[in-house]
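Notes follow once the structure below has been shown.
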Amino acid sequence: MESTVRLPMAADMHVHLRQGPMCETVTPLLQGTGIDTFLVMPNLIPPISNTDMAVAYRSQLQSLAPNLTFLMTLYLSPSLTPDEIRKAKRAGITGVKSYPRGVTTNSDGGVESYEVYYPVFQAMEEEDMILHLHGECPSSEEHNITILNAESKFLTHLAKLHKAFPKLRIILEHATTADAVNMVKSLGDTVGCTITVHHLFLTVEDWAGLPHGFCKPVAKTFADRAALRAVIQEGHPRFFLGTDSAPHPRHAKESAKAPAGLFTSLAPLPYLATLFHRLGMLDKLEGFACAFGRKFYKMPIATEKKVLLTYVPELDRKVGEDVVVSDRGTKIPEVVKVKGLVAADGKSEVEVVPFLAGERLPWTLRVDN
């Protein structure tokens with residue numbers, strides 16, 4: 001039988017919307033997804049490193065999707081000062097994003113030492129702004145750090161920052177390991193954690209040699225994935241949705257050195273409903289996607305519109321079962337074309353491959369007033 005889940009509008013507390021034609025393509029697609037609030041990452045070229053740049057970027061995004069709310073962040077860099085933090089707070093900027101140097105897309109200007117930023121963190125604590133941490137250490141043969149243990153090696157930095165600034169709200173972004181889950185749970189109420197859609201689906205088996213499963217931090221083991229799922233099933237209020245949706249041109253993803261990032265913004269809630277239903281934790285979707293992130297950000301729960309997710313049972317199948325021919329459910333396109341960007345052949349439009357491209361999910365979505 002069909003069944004329907006009714007939710008308040010959701011919030012995505014970690015998204016990459018890029019710039020230029022890519023931004024102009026992907027930002028309007030956020031409308032109608034059942035999500036009305038987005039925390040936007042600042043790792044553009046050049047990075048969003050001051051208040052004026054963030055305000056201008058927010059205005060651009062609002063012009064592309066005027067009915068959505070965009071929460072803005074600054075890129076932690078040596079140019080950021082306590083005075084700029086106070087200016088950013090007055091302009092409605094939500095927080096500051098820290099990238100360790102070189103660990104992910106456009107992080108060449110990232111952090112090498114946190115201590116030099118303590119005056120900035122103190123100002124953030126006083127102004128009640130949020131510090132967003134990309135929680136990985138750079139790879140190092142000397143320190144035996146690779147992409148497989150970079151997150152676990154980083155966790156001592158998180159604990160040290162929380163001890164130094166116990167009132168500073170800190171979010172460990174896109175956690176991938178049981179170690180990260182346990183660390184965040186062990187710290188105080190000012191420490192939160194985002195979990196992506198794709199890390200709830202994937203393990204190392206899905207990205208080793210497969211570029212359209214490759215992101216940073218990389219998906220880890222089955223036990224690590226189980227820990228992410230378990231903390232959501234527990235209903236822990238400091239773990240919430242941040243998709244880390246990050247579109248890249250198809251030709252770049254399929255090149256010799258694929259950039260990190262997966263594009264999940266087309267259908268985050270149908271992705272999650274599909275997985276949560278199969279795991280027997282559909283009742284945890286509202287807290288994870290709609291309530292806990294807003295509470296951590298001190299925002300009210302959305303009440304004006306409702307999201308209706310409807311289950312189409314004939315589309316729900318196990319791996320290896322015959323595909324049911326149906327025009328129902330949520331169809332994920334094979335590609336999204338980026339108007340205004342030309343591919344390497346000089347003729348065709350750039351394409352972005354969405355997560356689970358070509359799949360038809362057994363949950364369909366409608367937004368009602």
Side-chain angles (χ1 to χ4, degrees), residues 11-17 37-44 46-59 61-62 68-100 106-107 109-111 113-135 154 157-175 184 187-194 237-244 291-301:
D12 182 352
M13 296 309 190
H14 186 129
V15 68
H16 297 267
L17 298 178
T37 301
F38 297 85
L39 189 284
V40 183
M41 292 294 110
N43 57 332
L44 306 186
I48 303 296
S49 56
N50 63 54
T51 303
D52 293 343
M53 295 173 72
V55 169
Y57 189 29
R58 181 173 60 193
S59 296
L61 297 175
Q62 288 177 331
L68 303 180
T69 297
F70 297 100
L71 308 177
M72 309 307 293
T73 56
L74 302 182
Y75 190 105
L76 185 62
S77 68
S79 64
L80 192 58
T81 65
D83 284 345
E84 189 66 26
I85 290 297
R86 286 184 271 273
K87 178 181 178 181
K89 178 67 175 184
R90 292 193 298 271
I93 307 305
T94 302
V96 174
K97 178 68 182 290
S98 164
Y99 294 91
N106 298 338
S107 63
V111 174
S113 169
Y114 287 97
E115 285 78 3
V116 298
Y117 292 105
Y118 274 21
V120 171
F121 299 155
Q122 182 176 347
M124 291 176 63
E125 188 176 51
E126 293 168 354
E127 296 291 343
D128 196 26
M129 293 181 70
I130 297 175
L131 176 61
H132 305 267
L133 297 176
H134 182 116
F154 178 86
H157 295 290
L158 170 61
K160 184 178 179 180
L161 285 169
H162 175 57
K163 183 177 181 179
F165 302 97
K167 295 182 180 179
L168 174 64
R169 284 184 291 160
I170 301 173
I171 296 177
L172 179 66
E173 301 289 352
H174 41 52
V184 171
L187 300 177
D189 290 342
T190 55
V191 179
C193 181
T194 57
R238 289 188 282 118
F239 292 79
F240 44 86
L241 176 63
T243 64
D244 191 24
F292 297 157
R294 293 184 191 273
K295 182 178 180 181
F296 193 89
Y297 278 75
K298 301 181 180 180
M299 300 175 65
I301 301 298

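Computation of the quantities below employed the complete heavy-atom set of this structure, encompassing side-chain atoms and omitting hydrogens, waters and symmetry-equivalent molecules.
- Smallest separation of non-hydrogen atoms from Ala175 and Cys193: CB-SG, 3.4 Å.
- Closest of all the heavy-atom pairs between Arg58 and Ile93 is NH1-CD1, 4.3 Å.
- By the salt bridge (Lys or Arg N to Asp or Glu O under 4.0 Å) test, Lys298 pairs with Asp128, sequence neighbours left out.
- Taking CG of Asn43 as the reference point, atom NE2 of His16 lies at 5.0 Å (rounded to 0.5 Å).
- Thr69 OG1 to Gln62 CD: the interatomic distance, rounded to the nearest 0.5 Å, is 7.5 Å.
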side-chain contact (heavy atoms from CB on, under 4.5 Å) evaluation trace for His132 with Leu39: CA-CA 11 Å; His132 305 267; Leu39 189 284; 4.0 Å; yes
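- What you find for Lys97 and Leu133 is that their closest heavy atoms are CE-C, 4.2 Å.
- Not counting sequence neighbours, the partners of Lys160 by the salt bridge (Lys or Arg N to Asp or Glu O under 4.0 Å) test are Glu115.
- Between Asp52 and Lys87, the closest side-chain pair of non-hydrogen atoms falls below 4.5 Å.
- Side chain of Arg169 to main chain of Leu131: no donor-acceptor pair is present (N/O by atom type, distance under 3.5 Å, no hydrogens or angles).
- Taking the side chain as every heavy atom from C-beta outward, Leu71 and Met299 approach each other to under 4.5 Å.
- Below 30°, between 30° and 60°, or above 60°: for Phe165 and Phe121 the angle between ring planes is above 60°, a perpendicular geometry.
- With sequence neighbours excluded, the residues forming a side-chain contact (heavy atoms from CB on, under 4.5 Å) with Ala159 are Met183, listed by chain and number.
- Shown here for Ala164 and Tyr118, the closest heavy-atom pair between the two residues is CB-OH, 4.1 Å.
- Counting heavy atoms from C-beta on, the side chains of Tyr57 and Leu17 come closer than 4.5 Å.
- For the pair Tyr99/Leu76, no side-chain contact is recorded, criterion being any heavy-atom separation below 4.5 Å from C-beta on.
- Counting heavy atoms from C-beta outward, Asp244 and Thr194 have side chains that stay 4.5 Å or more apart.
- In this view, Asp83 and Thr81, Arg86 satisfy the side-chain contact (heavy atoms from CB on, under 4.5 Å) rule, not counting sequence neighbours.
- Of all non-hydrogen atoms in Leu74 and Ser49, the two that sit nearest each other are CD2-C, 4.4 Å.
- Aromatic ring pairs are classed by plane angle as parallel below 30°, tilted from 30° to 60° and perpendicular above 60°; the pair Tyr114 and Phe154 is perpendicular.
- Here the straight-line distance linking atom OG of Ser98 with atom CG of Leu80 works out to 11.0 Å at 0.5 Å rounding.
- Of all the heavy atoms in Ile301 and Arg294, the pair that sits closest is CA-CD, 3.9 Å.
- Looking at Met72 and Thr94, their side chains never come closer than 4.5 Å, going by heavy atoms from C-beta outward.
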side-chain contact (heavy atoms from CB on, under 4.5 Å) evaluation trace for Met124 with Lys89: CA-CA 9 Å; Met124 291 176 63; Lys89 178 67 175 184; over 6 Å; no
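- Here the straight-line distance linking atom CG of Leu161 with atom CG of Leu168 works out to 8.0 Å at 0.5 Å rounding.
- For NZ of Lys295, the number of neighbouring non-hydrogen atoms (other residues, nucleotides, ligands) closer than 6.0 Å is 12 at most.
- Under the side-chain contact (heavy atoms from CB on, under 4.5 Å) criterion, Phe38 pairs with Asp12, Val15, Leu30, Thr33, Ile35, Leu68, Phe70, sequence neighbours left out.
- Looking at heavy atoms from C-beta onward, Met53 lies out of side-chain contact with Thr51 at the 4.5 angstrom threshold.
- Under the 4.5 Å side-chain criterion, counting only non-hydrogen atoms from C-beta, Val191 is not in contact with Leu172.
- At a cut-off of 3.5 Å, with distance as the only test, a side-chain donor of Glu173 or His14 sits close to an acceptor on the other residue.
- Proximity of the aromatic rings of Phe296 and Phe240 is defined here by a centroid distance below 6.0 angstrom, and this criterion is met.
- Among residues two or more places apart in sequence or in another chain, the salt bridge (Lys or Arg N to Asp or Glu O under 4.0 Å) test is passed with Lys167 by none.
- Between the CE atom in Met129 and the OG1 atom in Thr73 there is a gap of 9.0 Å [rounded to 0.5 Å].
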